2 protein chains.
Amino acid sequence: MADTRSKLLEGAMRTIRSHGIAGASARTVAAAAGVNQALVFYHFGNLDTLLTEACLVATRARVEVYREELAKVNSLRELLDLGRSLHEEERALGNVAVLAQLLAGAQNETALTEPIREALGLWVAEIEAVLTRVMAKTPLGDLADAAGLARAVSAAFIGLELFEGVDPAGANAALNALDQLGALVEVVEDLGPVARRALRAKLRKR
Amino acid sequence: MADTRSKLLEGAMRTIRSHGIAGASARTVAAAAGVNQALVFYHFGNLDTLLTEACLVATRARVEVYREELAKVNSLRELLDLGRSLHEEERALGNVAVLAQLLAGAQNETALTEPIREALGLWVAEIEAVLTRVMAKTPLGDLADAAGLARAVSAAFIGLELFEGVDPAGANAALNALDQLGALVEVVEDLGPVARRALRAKLRKR
DNA sequence: GTCTATAACGAGATAGAC
DNA sequence: GTCTATCTCGTTATAGAC
């Protein structure tokens with residue numbers, strides 16, 4: 001059986017998933033973990049530390065799982081497809097939801113800012129690495145900024161997660177639209193050398 | 001001077017802006033409004049109703065402001081540029097932040113779901129209308145889904161807003177990257193008839 | 001419509017026994 | 001390391017005077 005610390009981390013995740021950050025108190029988390037309320041403060045000092053630690057541990061675990069799948073990606077189209085299934089898996093597990101809840105909480109609670117930036121950074125770093133790799137093969141390679149794109153993609157993921165909470169059908173339509181847009185990127189990837197040069201010239205003009 | 005109802009709506013906005021939804025209690029909102037705490041319940045019944053009403057009123061006002069500017073947009077590039085300045089203005093005013101906070105709260109509080117979906121819908125409808133109009137002029141017109149795209153864009157905006165709260169530099173990099181990506185769209189818009197047909201064929205294959 | 005007062009409760013956190 | 005008991009505070013919401 002798990003030790004108290006792990007039980008509390010697990011309890012924190014479960015509580016945020018089902019009741020949001022607003023419903024996560026030392027009492028509710030301890031109850032979900034099946035341990036005494038005072039142990040939150042014994043093991044973590046305060047509630048915020050427990051919540052952020054839980055988020056970090058869980059995010060590290062999930063990023064680890066996806067690292068090898070991301071390493072197999074060889075085109076932007078494949079990345080888009082993996083992104084969609086990743087979104088659906090994480091949505092079902094409620095992991096991104098926890099990140100989103102803490103991110104919202106971090107806007108006005110400075111104690112959360114740093115740890116949540118770090119958790120977000122784990123995803124960003126992974127996405128940036130893959131983007132850099134696959135973009136090198138396209139005409140966009142030396143013109144678009146993989147670092148910035150990785151951050152845009154991460155932010156969009158969080159936003160979509162929250163959007164889905166109030167309008168699942170709308171979120172689905174959004175994902176389908178992005179799929180279609182992906183076809184555009186595919187076209188660019190398959191461009192012949194002549195068209196490639198034309199595109200580069202256009203892009204440089206900006 | 002404004003009546004109590006308006007003062008409370010204004011107080012709710014200010015409180016959520018500066019302290020998030022977690023810091024918005026009947027007492028803090030009433031204090032920000034300069035009125036008695038009990039009046040929250042007299043005028044709105046409960047706190048959630050006040051918060052969602054405030055968000056709806058504010059969103060309606062902002063959408064109204066941007067409607068005429070959006071009507072002037074004639075290309076995806078112009079829309080992208082307007083989007084960026086809109087993001088910066090709303091960020092400074094803290095309006096999108098309120099929407100994001102309530103959206104996060106709505107994930108686990110069913111009383112918030114419907115009103116927030118409605119507020120979000122105000123932006124979505126506006127963006128969808130513009131997208132439909134400008135996309136009709138491009139080769140994407142009859143292939144990409146304006147409704148889905150509008151939802152994706154809205155979700156991404158919310159996500160970016162939250163991202164900016166913990167990593168402003170990263171959010172800025174994300175916006176710059178989207179700007180560069182916009183150039184790609186511009187290229188598509190300027191495609192000659194031959195390339196246009198080639199693109200359409202490619203897109204239809206998917 | 002607005003106020004005071006208060007009921008009823010849950011919150012974070014700590015002291016101290018075991 | 002874990003427990004009970006408790007302090008102190010803020011919370012929603014209502015009753016009732018004005």
Side-chain angles (χ1 to χ4, degrees), chain A residues 1-55 57 98 101-102 104-113 115-116, chain B residues 1-55 57 101-102 104-106 108-113 115-116:
Chain A
M1 200 43 187
D3 62 343
T4 301
R5 243 190 98 90
S6 322
K7 278 196 232 168
L8 279 169
L9 291 170
E10 184 50 38
M13 287 297 292
R14 271 217 303 278
T15 307
I16 302 176
R17 267 200 284 268
S18 51
H19 299 96
I21 191 172
S25 71
R27 287 171 144 83
T28 55
V29 168
V35 305
N36 190 280
Q37 171 260 150
L39 294 174
V40 168
F41 304 96
Y42 175 79
H43 286 284
F44 296 92
N46 57 47
L47 183 65
D48 283 348
T49 308
L50 166 55
L51 299 183
T52 53
E53 206 119 320
C55 182
V57 170
V98 172
Q101 285 293 314
L102 292 185
Q107 306 291 312
N108 302 280
E109 178 69 66
T110 50
L112 299 183
T113 313
I116 298 309
Chain B
M1 203 41 192
D3 63 342
T4 301
R5 243 189 97 91
S6 321
K7 280 196 229 165
L8 279 170
L9 291 170
E10 184 48 40
M13 288 297 293
R14 271 217 304 278
T15 307
I16 302 176
R17 267 200 283 268
S18 51
H19 299 95
I21 191 172
S25 70
R27 284 174 143 81
T28 55
V29 168
V35 307
N36 190 280
Q37 171 260 153
L39 295 175
V40 168
F41 304 96
Y42 175 78
H43 286 283
F44 295 92
N46 58 45
L47 182 65
D48 283 348
T49 308
L50 167 53
L51 299 184
T52 53
E53 207 119 320
C55 182
V57 170
Q101 286 292 314
L102 292 185
N108 302 281
E109 178 70 66
T110 49
L112 300 182
T113 312
I116 297 310

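Letters A, B, ... are given to chains in the order of the sequence lines, protein chains preceding strands, and every chain is numbered from 1. Bear in mind the structure is a predicted one, so any value in this text is a computation, not a measurement.
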Within residues 12-26 of chain B, the residues having a heavy atom closer than 4.0 Å to DNA chain D are B:S25, B:A26
Could you pull out all residues at least two apart from B:S25 that satisfy side-chain hydrogen bond (donor to acceptor under 3.5 Å, both in side chains)? B:T28
Got a list of side-chain donor-acceptor pairs under 3.5 Å for residues 32-47 of chain B, not counting sequence neighbours?
{"residue": "B:N36", "atom": "OD1", "partner": "B:A38", "partner atom": "N", "Å": "2.8"}
{"residue": "B:N46", "atom": "OD1", "partner": "B:D48", "partner atom": "N", "Å": "3.4"}
{"residue": "B:N46", "atom": "OD1", "partner": "B:T49", "partner atom": "N", "Å": "2.9"}
{"residue": "B:N46", "atom": "OD1", "partner": "B:T49", "partner atom": "OG1", "Å": "2.7"}

Show me, pair by pair, the donor-acceptor contacts under 3.5 angstrom made by side chains of residues 104-112 of chain A, not counting sequence neighbours?
{"residue": "A:Q107", "atom": "NE2", "partner": "A:L103", "partner atom": "O", "Å": "3.1"}
{"residue": "A:Q107", "atom": "NE2", "partner": "B:L162", "partner atom": "O", "Å": "2.6"}

A:L39 has an atom CG; how far is it from atom P of C:dA15, in whole Å? 16 Å
Using side-chain hydrogen bond (donor to acceptor under 3.5 Å, both in side chains) as the criterion, list what pairs up with A:S6, not counting sequence neighbours. A:D3
By side chain to side chain contact (heavy atoms under 4.5 Å, CB included) - contacts of A:A24 (at least two apart): A:T15, A:I16, A:V29, A:L51
Going by the rule side-chain hydrogen bond (donor to acceptor under 3.5 Å, both in side chains), which residues pair with B:T4 if we only count those two or more places apart in sequence or in a different chain? none
Please report the end-to-end axis angle for the helix from C:dG1-D:dC18 to C:dC18-D:dG1, five pairs per end, rounded to 10 degrees. 0°
Heavy-atom pair with the smallest gap, counting every atom of A:I21 and A:Q101: N-OE1, 3.0 Å
Any salt bridge (charged side-chain N to carboxylate O under 4.0 Å, His left out) involving residues 14-26 of chain B? Give me the pairs, sequence neighbours left out, ordered by first then second residue. B:E10-B:R14, B:E10-B:R17
Report the distance from atom CZ of A:F44 to atom C1' of C:dT14, rounded to the nearest whole Å. 18 Å
side-chain hydrogen bond (donor to acceptor under 3.5 Å, both in side chains) with A:R27: which residues, sequence neighbours excluded? none
For nucleotides 13-18 of chain D, give me one character per nucleotide, 5' to 3': B if any protein heavy atom sits under 4.0 Å from the base, S if the only such contacts are to the sugar-phosphate, - if neither. BB----
Does any pair with a residue in residues 37-47 of chain A pass salt bridge (charged side-chain N to carboxylate O under 4.0 Å, His left out), and if so which ones, sequence neighbours excluded? none
Value in whole Å for how far the P atom of C:dA5 lies from CG of B:N36: 11 Å
